[in-house]
Number of protein chains: 2
Amino acid sequence: MTLQKLSKLVAVATLTVSTFAASYSVAADGKVYRLKMAETWNANFPIFGDAPREMARLAEEMSDGRLKITIDSANKHKAPFGVFDMVRSGQYDLGHSASYYWKGKVPNTLYFTTMPFGMTTPEQYGWFYYGGGQALSDKVYSQFGLRSFPGGNTGNQMGGWFQKEINSVEDLQGLKMRIPGFAGEVMAKLGASPTNIPSGELFTALERRTIDALEWVGPSLDLRMGFHKIAPYYYTGWHEPATELQFLVNERSFKRLPADLQTILKSAMKLSAYDMYIQSYHESAENWATMKKEFPNIEVKSFPEDVMKAMYKANEELLAEKAAADPLAKEILDSQAEYMAKARVWTNISDRAYLDSLDNLAD
Amino acid sequence: MTLQKLSKLVAVATLTVSTFAASYSVAADGKVYRLKMAETWNANFPIFGDAPREMARLAEEMSDGRLKITIDSANKHKAPFGVFDMVRSGQYDLGHSASYYWKGKVPNTLYFTTMPFGMTTPEQYGWFYYGGGQALSDKVYSQFGLRSFPGGNTGNQMGGWFQKEINSVEDLQGLKMRIPGFAGEVMAKLGASPTNIPSGELFTALERRTIDALEWVGPSLDLRMGFHKIAPYYYTGWHEPATELQFLVNERSFKRLPADLQTILKSAMKLSAYDMYIQSYHESAENWATMKKEFPNIEVKSFPEDVMKAMYKANEELLAEKAAADPLAKEILDSQAEYMAKARVWTNISDRAYLDSLDNLAD
C-alpha cells in the first residue's frame, strides 16, 4: 500500500469516527455542551498550548462528545492579558493563562503561580491539594465569580541567559535585564534595570547588547528562541522554582454543566496540568542535551552566595510589605511559609540526599 | 510518517469506529459496566489503598454511574501475590499492585517499579510517558493479555531504620535486615543477610534485635509502624528512588468497554497515580515533622561513600548479568540508562542547583 492510499484511509476512518460520535451524542443525551476557552498564548505555542488542547481532547473523549471545548489563541482574540476579564464577564467560559499576570488588577493572585525562593513543584502541588492552597485560591478568585486550577507546571525555571558573569551585587547595578513581574521588582531593589520586551524582539536585543541578560523559561522553551547561540552564561534558577499555569473557570458556566461533565472537566484539567509538568521535564532534558551538544562552551553558573543573600533579603522585604498591607496576603504567605518549612525538610532528606549521595559513585 | 506508523493509525482508527458502533447501541440500552479489581493490600491500607479508590470514584462519577469498579482487598481474596494471575485469567478485570512483585514469574516486570540508583519520580514519569517506557512495559505485559499502567508513586523511599551505624562495608557483614526484592540481592552480594518478615511482626523483630535493620517505605507509612520509637538511625534512600505502584488491566475486559469508558478508565488511573505521588509527598513531610517532634534524637544519616560505591558496583554487576541473559532486559535497561543520563543532567542544574543555592541564605 502506498503512503498516499494509507493517508486517505486514515482520513476516511477518522471522519467516520467523528461523524458517528456526533450523531450518537445527540441521540443519547439530546444536549451537547459547548465551552469557549481563551488562552494567553499565540497559536502553536509549544507545551503551554499543548496542555489546554490535551484537556479539551480528554474532556470530549470522556464525555463521548457531549462536552466540546474550543480554544481561541491570543492572535485570534487579541487580548492575551485580557483573559481574566473575558472569563469573568462570561465572554469566554474558560481561560488558560497564569495567575501572576493579574497581580496589577487583583494583587493576591500573585501567590498562585510560583514565588522567588519558594516551593519546588512537588512541594507546591502538596500545598495546593493537601495543604490548604486550593481553599486560599478560591478565597481570592470567588470574589470575581471565578475559580482557578493548576494549568500545567514548567518545573524549575532557569535564572536566565547573561552576556557577562555576575560575581557580586555590584555587578547587578544598572544591569539591563528582561525579567518581568515580581522577580523584576526584586532585581530593581538591588539596582538592576528590569525591562520588558516583546518576545519577538528578545533575540536581537540580547545579541546587540540592548539588554545584558534575560530570563525566559528553561531549555524546554529556550531552545527555539536561540539564546544559547549568542550568550555564554546560563544561570540556575531562584525566581520561579515551580511555575504553574492556570485554568480559569467561570463559575456560572461550570454550574450549568451536569455533575458528570463537571467531574470530567475538573479531572481533565488536573490531569493535563500534571502531564505538562512531566512533558516540561522531558523537553528540558532533551533540549538541554541538544544545546550543550551544539554549543559545548555554554557555562552553567549559579549566582554567588552574597548575590543570593541580597536577592533573598530584598524578596523577604517585599513580601513583608505585602503581608502588612493586606490580611489575606498575610494568610496566604504564612500558609506557604509554614508548608514549605515542613516540605523542604522532607525534600532535603529524600530526593536531595539521594542525589548528593550519588556523586563520585562510578569513580 | 513511516508506513508502519500509518498502518497502526489505520488499525486504531478502524478499531475506534467499530467500538463506537458497539458503544452506541449498548449505551442506549443503559448498560452499566461492572469491573472487579483485586488489590495486593489489606483493607484500609493508607495511601496505597487510597489510589485505587480515588480511581474508582472518578471513573464512576465521570461515567455518570455507567462504569462501576468494586475493589477486593487481600484479606478478602486471600492472594496478595496472586493478583497477576487473577487478572491474567480474567477472574478479576483489574489489579492494583506493584510490577516488581512478579519478577519471579516474569523477570522483566522488575524494571517498571523503581531501580536501585535509578531515576527520581519526575525523571521516571518522563521516561515512561515520553521516553519509551510505556511501549516497553506493553512488550512485557502484552504476552499475558495484560497491560500495566502507573498506579501511584511513593516518592523517594528511605534506606531504612538501623539499630547501629553503618560506617564501612564491613558493618554490612552478617547484618540481618528486612529488605526484600532486588535491593536485598544487592545487600546479599555485600555479605548482609536479607530476610523477609510479615509486616505485623516487624516492630517486635526490630525491637528485640531479631533483625538489625529494616526498610519499609518512608515517613508517609513508617509513622504508624512505630519504628522511630525503637531505632535511632534513619538512613536516606538508594534502593527505591521512585517506587511506582501499578494498575494491571486485563486486555479483554478493557476492550469490552465502549471508547468513552476506555478513556475514562485510563484517565482515572493516570490521574489517581499522579495524585498519590503528591499525597505521599505531603504525608511524608507531615509525618516526618511528627516523628522528629516526638523523638528529636532520631539521626538521619546517609551511607558513607565507600558503602555507596560497593552497593552501586554490586547493583551494576547484577544488572549486567540480567542484560546478558535476555535481550528484552537489555533493551529496557539500556533505554532507562540512556534516559536517566539526560534527565539527571537537567535535574542537577534545575531542582538540585536551586536547593543547593539556598543553603545559608537566611544567615
Side-chain angles (χ1 to χ4, degrees), chain A residues 3 6-7 9-10 13-14 16-17 20-21 24 28 58 61-62 64 117 120 122 125-126 129-131 155-156 218 236-238 241 260 263-264 267 270-271 274 278-279 281-282 284-286 288-289 300 302 305 308-309 312 342-343 345-347 349-355 357-358 360-361, chain B residues 3 6-7 9-10 13-14 16-17 20-21 24 27-28 58 61-62 64 117 120 122 125-126 129-131 155-156 236-238 241 260 263-264 267 270-271 274 278-279 281-282 284-286 288-289 300 302 305 308-309 312 342-343 345-347 349-355 357-358 360-361:
Chain A
L3 263 169
L6 265 167
S7 295
L9 245 178
V10 171
T14 310
T16 316
V17 171
F20 214 110
Y24 158 64
L58 285 171
E61 284 188 26
M62 292 197 287
D64 205 8
F117 302 102
T120 64
Y125 274 130
Y129 289 125
Y130 294 91
N156 206 307
T236 63
W238 61 277
D260 59 335
T263 305
I264 282 177
S267 300
K270 196 172 179 182
L271 178 51
Y274 278 139
I278 301 306
Q279 183 190 7
Y281 215 95
H282 171 76
S284 289
E286 291 289 341
W288 171 244
V300 173
S302 292
E305 193 172 293
M308 288 296 285
K309 279 188 175 177
Y312 181 78
K342 271 188 198 171
V345 176
W346 170 240
T347 299
I349 68 173
S350 59
D351 286 335
R352 188 179 176 199
Y354 173 67
L355 295 168
S357 73
L358 300 182
N360 314 315
L361 277 194
Chain B
L3 260 171
L6 266 168
S7 294
L9 250 178
V10 171
T14 309
T16 316
V17 171
F20 249 115
Y24 172 68
L58 285 171
E61 285 187 25
M62 291 197 287
D64 204 9
F117 302 101
T120 64
Y125 275 130
Y129 289 125
Y130 294 91
N156 206 306
T236 62
W238 60 278
D260 59 336
T263 305
I264 282 177
S267 300
K270 194 171 180 183
L271 178 51
Y274 278 138
I278 301 305
Q279 182 189 8
Y281 215 95
H282 171 75
S284 288
E286 291 287 343
W288 171 245
V300 173
S302 292
E305 192 171 294
M308 287 295 285
K309 278 187 174 175
Y312 181 79
K342 270 188 200 171
V345 176
W346 168 241
T347 298
I349 67 171
S350 58
D351 287 336
R352 189 180 177 197
Y354 173 66
L355 295 168
S357 72
L358 299 182
N360 316 315
L361 278 196

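Values below: all heavy atoms of this structure, side chains included; hydrogens, waters and symmetry mates excluded. All of these numbers come straight from a predicted model, not from anything done at the bench. Numbered from 1 within each chain, the chains take letters A, B, ... in sequence-line order.
- Summarising the geometry, atom CG belonging to B:Asp351 is positioned 5.0 Å from atom CG belonging to A:Asn156; distances are rounded to the nearest 0.5 Å.
- Interface remark: of the candidates A:Gly126, A:Ala289, A:Pro241, A:Pro241 forms the most heavy-atom pairs closer than 4.5 Å to chain B.
- Between A:Leu58 and B:Ser267, the closest heavy-atom pair is CD2-OG, 3.5 Å.
- Closest non-hydrogen pair, B:Lys342 versus A:Ala285, comes out as O-CB, 3.9 Å.
- Between A:Asn360 and B:Lys309, the closest heavy-atom pair is O-CE, 3.0 Å.
- Chosen from B:Gln279, B:Lys270, B:Glu286, B:Arg352, the residue pairing most often with chain A at heavy-atom distances under 4.5 Å is B:Arg352.
- In plain terms, the two heavy atoms of A:Glu61 and B:Thr263 that are nearest each other are OE1-OG1, 3.2 Å.
- Across all non-hydrogen atoms, the minimal contact from B:Leu355 to A:Thr120 is CD2-CG2, 4.2 Å.
- Two residues are said to be in side-chain contact when any heavy atoms from C-beta on lie closer than 4.5 Å; B:Tyr312 and A:Leu358 fail this criterion.
- Residues B:Phe117 and A:Tyr354 come closest through the heavy atom pair C-OH, 2.9 Å.
- No option in B:Trp346, B:Tyr130, B:Tyr125 other than B:Trp346 meets the side-chain contact (heavy atoms from CB on, under 4.5 Å) test with A:Tyr281.
- Among the candidates B:Val345, B:Asp64, B:Val300, the residue making the largest number of heavy-atom pairs closer than 4.5 Å to chain A is B:Asp64.
- When A:Gly218, A:Gly131, A:Gly155, A:Ser357 are compared by the number of non-hydrogen pairs under 4.5 Å with chain B, A:Ser357 comes out ahead.
- With chain B as partner, the option from A:Ala343, A:Ser302, A:Ser350, A:Ala353 having the largest number of non-hydrogen pairs under 4.5 angstrom is A:Ser350.
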